[in-house]
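The sequence lines fix the lettering, A, B, ..., with proteins before strands; numbering per chain opens at 1. Quantities reported herein were computed from a predicted structural model and do not represent experimental measurements. Values reported hereafter were calculated over all heavy atoms of this structure, with side chains retained and with hydrogens, waters and symmetry mates removed.
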There are 2 protein chains.
Amino acid sequence: MRDSYHEELDDIRGCLVEMANTVGSQMSTATTALLDADVALADLVIAGDEQIDATRESIDQRCFTVLARQQPVATDLRTIVVATRIASDLERMGDLAEHIAKVARMRFPDHAVPQEVRPAFLEAGHVAEMLVAKAGTVIATQNVEKARELETDDDAMDRIHRGLFRELLADSWPYGVETAIDVTLLGRYYERFADHAVSVARRVVYLVTGERHVVTPS
Amino acid sequence: MRDSYHEELDDIRGCLVEMANTVGSQMSTATTALLDADVALADLVIAGDEQIDATRESIDQRCFTVLARQQPVATDLRTIVVATRIASDLERMGDLAEHIAKVARMRFPDHAVPQEVRPAFLEAGHVAEMLVAKAGTVIATQNVEKARELETDDDAMDRIHRGLFRELLADSWPYGVETAIDVTLLGRYYERFADHAVSVARRVVYLVTGERHVVTPS
């Protein structure tokens, strides 16, 4: 039987998994808002970010309380330290989904994303959702093999990102600078979202194996 | 007289101040590399980022060791938790200086930044250096008033950023999409650098007063 202290650690982990699910759903909604120029969906994402911030805040507080009251050492201490960092990554991923929704909102009733690059953003959205879903599974299962897979899974996002720049720089790009700015920033938001998902996975690898990768997405 | 445990906390704080100085100098060099299309300076910044990553790693390890061995509570615990977060902000600021240097390197021997927006980037560089210098002072002195000033100091960066977009979107913008992409991303890097400096200041306010602001730059 687990004591209440380890139950608390498990419960914090459960909150992180739930947070990953929420972030995934925010990203999915944001991508639809962007591609369909759907301002109601964009507003949902923007309003929904508060809950993610609150969850992060609550996880941080609980971790702090465990540190202060239980004074964990070794693996338990690592679990707490890693939990606050994962919460920080996930919160930032929520911000990035919100940024995407805000671009959709700003250009409404127009589409922020022209026809030529819609497939790229559709794919970026799918990859982002897959990465955060996998990150959630990795948090839940602490499966190191699966965690390591995210490193290569992320290559798909880099490929999409490079493809976007090729489109923007093609002589045939007819949309001018404003759309180029939007597409550049949107591409950056999806790329950073993916970087943070990889970062979550690396933190779980560190937690389980003690191996330190440079854990900050650059 | 201070015991060795509190000496260690002071010493970690000293490392953070030094890290802020290094990041400021990286940002200053990156801005010069960008404005002068100076590839040797850009390479210096790119090579120098490793040291910042190593410092962050070392601060994290030391904080972890203090947590494990000393099991601090109350203010000391908060000091340690805040120190690792400040180290994370500063490391990210170093990454952003490196990103700027990499854009300068990529466009060499050309200038990444055309004449019309040079003054904006010169000013962005100055504001960035001022913000990180002030953040360093705030870490050293824990001066809450000064920390709060960064919130308004950062408005200067937002203003520069908006000005950049106006330049990009002016009918007279003659440089095409590639330069627009560079300028958009560079503007974003300076803006995020400033956001993280504000985040450092907020963390110090939290440390001293217990007041929680939403501490993640969005």
Tell me if the CD atom of B:Q61 is crowded by more than 12 foreign heavy atoms within 6.0 Å.
yes
Flag if over 12 foreign heavy atoms under 6.0 Å of CD, A:E18
no
Would a 4.5 Å heavy-atom cut-off, applied to side chains only, mark B:R85 and A:T84 as touching?
yes
A:L168 vs B:E178 side-chain heavy atoms within contact, under 4.5 Å
no
On a heavy-atom basis, which atom in B:A180 and which in A:V177 lie closest, and how many Å separate them?
CB-CG1, 3.9 Å
Can you check side-chain contact (heavy atoms from CB on, under 4.5 Å) on A:L169 and B:I181, steps first, answer last?
CA-CA 9 Å; A:L169 295 174; B:I181 294 173; 3.9 Å; yes
Between A:R69 and chain B, with a heavy-atom cut-off of 4.5 Å, which part of the residue counts as in contact: side chain, backbone, both or neither?
neither
Quick one: what part of B:Y175 sits under 4.5 Å from any heavy atom of chain A, side chain, backbone, both or neither?
neither
Yes or no on side-chain contact (heavy atoms from CB on, under 4.5 Å) for B:Q71 and A:V73, after CA distance, side-chain angles and deciding distance?
CA-CA 8 Å; B:Q71 312 197 319; A:V73 293; 3.0 Å; yes
